[in-house]
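Quick notes on the structure that follows.
Just so it is clear, the model here is predicted, and its values are computed rather than measured.
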Amino acid sequence: MKRRQILIAAMLLLPLSITAQVQNKKAQIEVGRAQEIFTSTLSGAVSYYVDTFDVQKVSNVAINAMLSQLDPYTEYIPEMNTEDFSMMTTGEYAGIGAYIQLVDSVVYVQYPMPNSPASKAGLGMGDAFLEINGESVIPGTPSLVSGKLRGPVGTSVKVKVRKLGETDPVEVVLTRQNVVVDQVVHHGMYQDSIGYIRLNSFTTKSASDVRRAYQNLNSGDRMKSLILDLRSNAGGVMDGAIELLSMFVPKGTKVLYTKGRLPQTSQEYFTESEPLSLDLPLVVLINGGSASASEIVAGALQDLDRAVIMGTKSFGKGLVQSTLPTPYDGILKVTISRYYIPSGRCIQQLDYSHRRPDGTVDAVPDSLTQVFHTLNGREVRDGGGIRPDIEIKGETLDAVVYAMSSQGRLFEYVNELYLNRPHPQQLSDVEITDEEMDRLVDFLEEKGLEYGQLSSTALKEVQKLGEFEGYDSEETKKAFEALEQLLTPSLRRDMEKSRDQAKRMLRGLLAQHYFGQEGQYAVTLEKDPTMNGALELLGNKARYNQILGKTIESEQ
């Protein structure tokens, strides 16, 4: 079945302009053969299949079934999805400027962006969307609501919402405008002189966002060091990474080169602008969600001994994609090369060119990674992502806290708390009391919070397997019963262990009500082990220089 889908999909890509560039005669013959097979197969299905079906939908699935055999990043984007793709790369879209959240099939305003149409119209966190342009959006999904709220700049959209704390719905008419999402979601000054910038994604404007945040922090030359937080930044536009690197390394520095099958996909990349600072102590935070452009920045700064990398090992995406137009205004996003950072290493984790018979892919084992050297001679390795200079594991959400967050229960509860509070004057005034935490447990029980089902389900499967293999003695049954008791979720028991974690998340959400995203991130960082490790390191210049392999002469 998969084989047939691949052949069908191959034909669909034949009209691409890239087809004319295929030099290999054998490949041309194979493409032509796939085209004939596809035409015959699709025509037969359309003519004789028992029910009618969406030809375009089936075709799109067929294309991506083929491309999935290459790697997860090569994909066909049909015309209906190109606007979303453009938003990811530019950070711009036409709409009302509001983050949204789904809770029990109802879509709520999670956060209206400052100076956006949503903010100007008075929409606030916790407001529920009921209708858009006269059509009900309950039950709804984020994609449904988002699609209806977007539209050409200058056009109007009428929404019916239920304001937080009110029962009667109100109608609001908003005029769509061009919304530019600032990718710097939080920046601030810590310990009087340590700047902090958290970058959410790499778009065509992300470097400008970082530059603006940097200049704001450094007004009056008060910033003596900087923390750049790229945790869970999945990357994006490669040029954004090169522009960001230009701020911290000399102009004309080679920070990246690519190698592909075609000559035009093998290039060298150099910084092109004057840096903001060459000697400002810099720490970059990464984790397993830091990928692609984030790894280019972190890896290049590590190879050039320009920054200390802290956190956990990054994702390991060393592949570069480019886009090609397809007929009917679609896009083919295709992997065209691998990238290599200044030391010469490629940090790609998975080898998609050598799949197992079942289609799975192996990671590069540590034993097969190679040693490279930074500018100061420190050892670094290829394969498997960027390994931090200092490893600090961040906090992992407990199962019960993850469930209450992902299911929107914390969002609901904090909205109730917000209605009964005066507006705090400063962030430190935002607190969650012990009584409110006690009431949270009652609230979650009323909502029937579900979590922790995987362990008990897996245990039952193991028990069945044990019985099949003859392990069904009374002693074994009692052992399974005891283990089942331990693995069965108990909200009040599990909340005792997770109370502090849930309290911090609640406080962050409450801070967002009053101080926006900046407030939420500021609260989150207060007890962040990686952040605190970075602050401690930047307070110890000797250790910072030692990690980077700086000699006494280089410090003078």
Mark yes when over 12 heavy atoms from residues, nucleotides or ligands other than [X] sit less than 6.0 Å from its [atom1]; otherwise mark no.
X: Tyr402; atom1: OH; result: no
X: Gln453; atom1: CD; result: yes
X: Asn115; atom1: CG; result: no
X: Met87; atom1: CE; result: yes
X: Arg338; atom1: CZ; result: no

Decide yes or no for [X] and [Y]: does some side-chain heavy atom of the first lie under 4.5 Å from some side-chain heavy atom of the second?
X: Leu130; Y: Val161; answer: no
X: Leu491; Y: Leu444; answer: yes
X: Ser59; Y: Val55; answer: yes
X: Met125; Y: Val414; answer: yes
X: Met238; Y: Ile296; answer: yes
X: Val173; Y: Val157; answer: no

Between the side chains of [X] and [Y], does any donor sit under 3.5 Å from an acceptor?
X: Thr141; Y: Ser143; result: yes
X: Thr74; Y: Thr335; result: yes
X: Tyr451; Y: Asp494; result: yes
X: Thr204; Y: Asp239; result: no
X: Glu436; Y: Thr433; result: yes
X: Thr203; Y: Gln183; result: no

What pair of heavy atoms forms the shortest contact from [X] to [Y], and how long is it?
X: Gly95; Y: Val179; value: O-CG2, 3.8 Å
X: Gly240; Y: Ser206; value: CA-OG, 4.3 Å
X: Gln101; Y: Ser405; value: NE2-O, 4.2 Å
X: Val361; Y: Asp351; value: CG1-O, 3.1 Å
X: Val401; Y: Ser498; value: CG2-CB, 3.6 Å
X: Arg176; Y: Ser156; value: NH1-O, 3.4 Å

Look at the side chain of [X] and the backbone N and O of [Y], then say whether any donor-acceptor pair between them is shorter than 3.5 Å.
X: Thr524; Y: Gln520; result: yes
X: Ser68; Y: Ala65; result: yes
X: Asn133; Y: Lys158; result: yes
X: Asp398; Y: Val400; result: no
X: Gln512; Y: Gln110; result: yes

| said: Checking Tyr108 now: which residues fulfil ring-ring contact (aromatic ring centres under 6.0 Å, His included) with it, not counting sequence neighbours? | reply: Phe411
| request: Given salt bridge (charged side-chain N to carboxylate O under 4.0 Å, His left out), test Arg492 with Asp438 step by step and report yes or no. | output: CA-CA 10 Å; Arg492 293 192 177 274; Asp438 292 337; over 6 Å; no
May I ask you to decide whether [X] forms a salt bridge with [Y], counting only side-chain N to carboxylate O separations under 4.0 Å?
X: Asp104; Y: Arg409; answer: yes
X: Glu431; Y: Lys503; answer: no
X: Lys205; Y: Glu92; answer: yes
X: Asp71; Y: Lys317; answer: no

So how far is it from [X] [atom1] to [Y] [atom2], rounded to the nearest 0.5 Å?
X: Ser119; Y: Met113; atom1: OG; atom2: CE; answer: 11.0 Å
X: Glu450; Y: Met404; atom1: CD; atom2: CE; answer: 14.0 Å
X: Tyr76; Y: Leu332; atom1: OH; atom2: CG; answer: 9.5 Å
X: Leu319; Y: Ser337; atom1: CG; atom2: OG; answer: 8.0 Å

| How are the rings of Tyr418 and Tyr514 set relative to one another: parallel (under 30°), tilted (30 to 60°) or perpendicular (over 60°)? | tilted
| query | Under 30°, 30 to 60°, or over 60°: which ring-plane class applies to Tyr73 and Tyr352, parallel, tilted or perpendicular? | reply | perpendicular
| said: Can you tell me which residue among Val430, Val523, Asn415 is in a side chain to side chain contact (heavy atoms under 4.5 Å, CB included) with Leu510? | reply: Val430
| query | Looking at the rings of Tyr196 and His186, which for Trp means the six-membered one, are their centres under 6.0 Å apart? | reply | yes
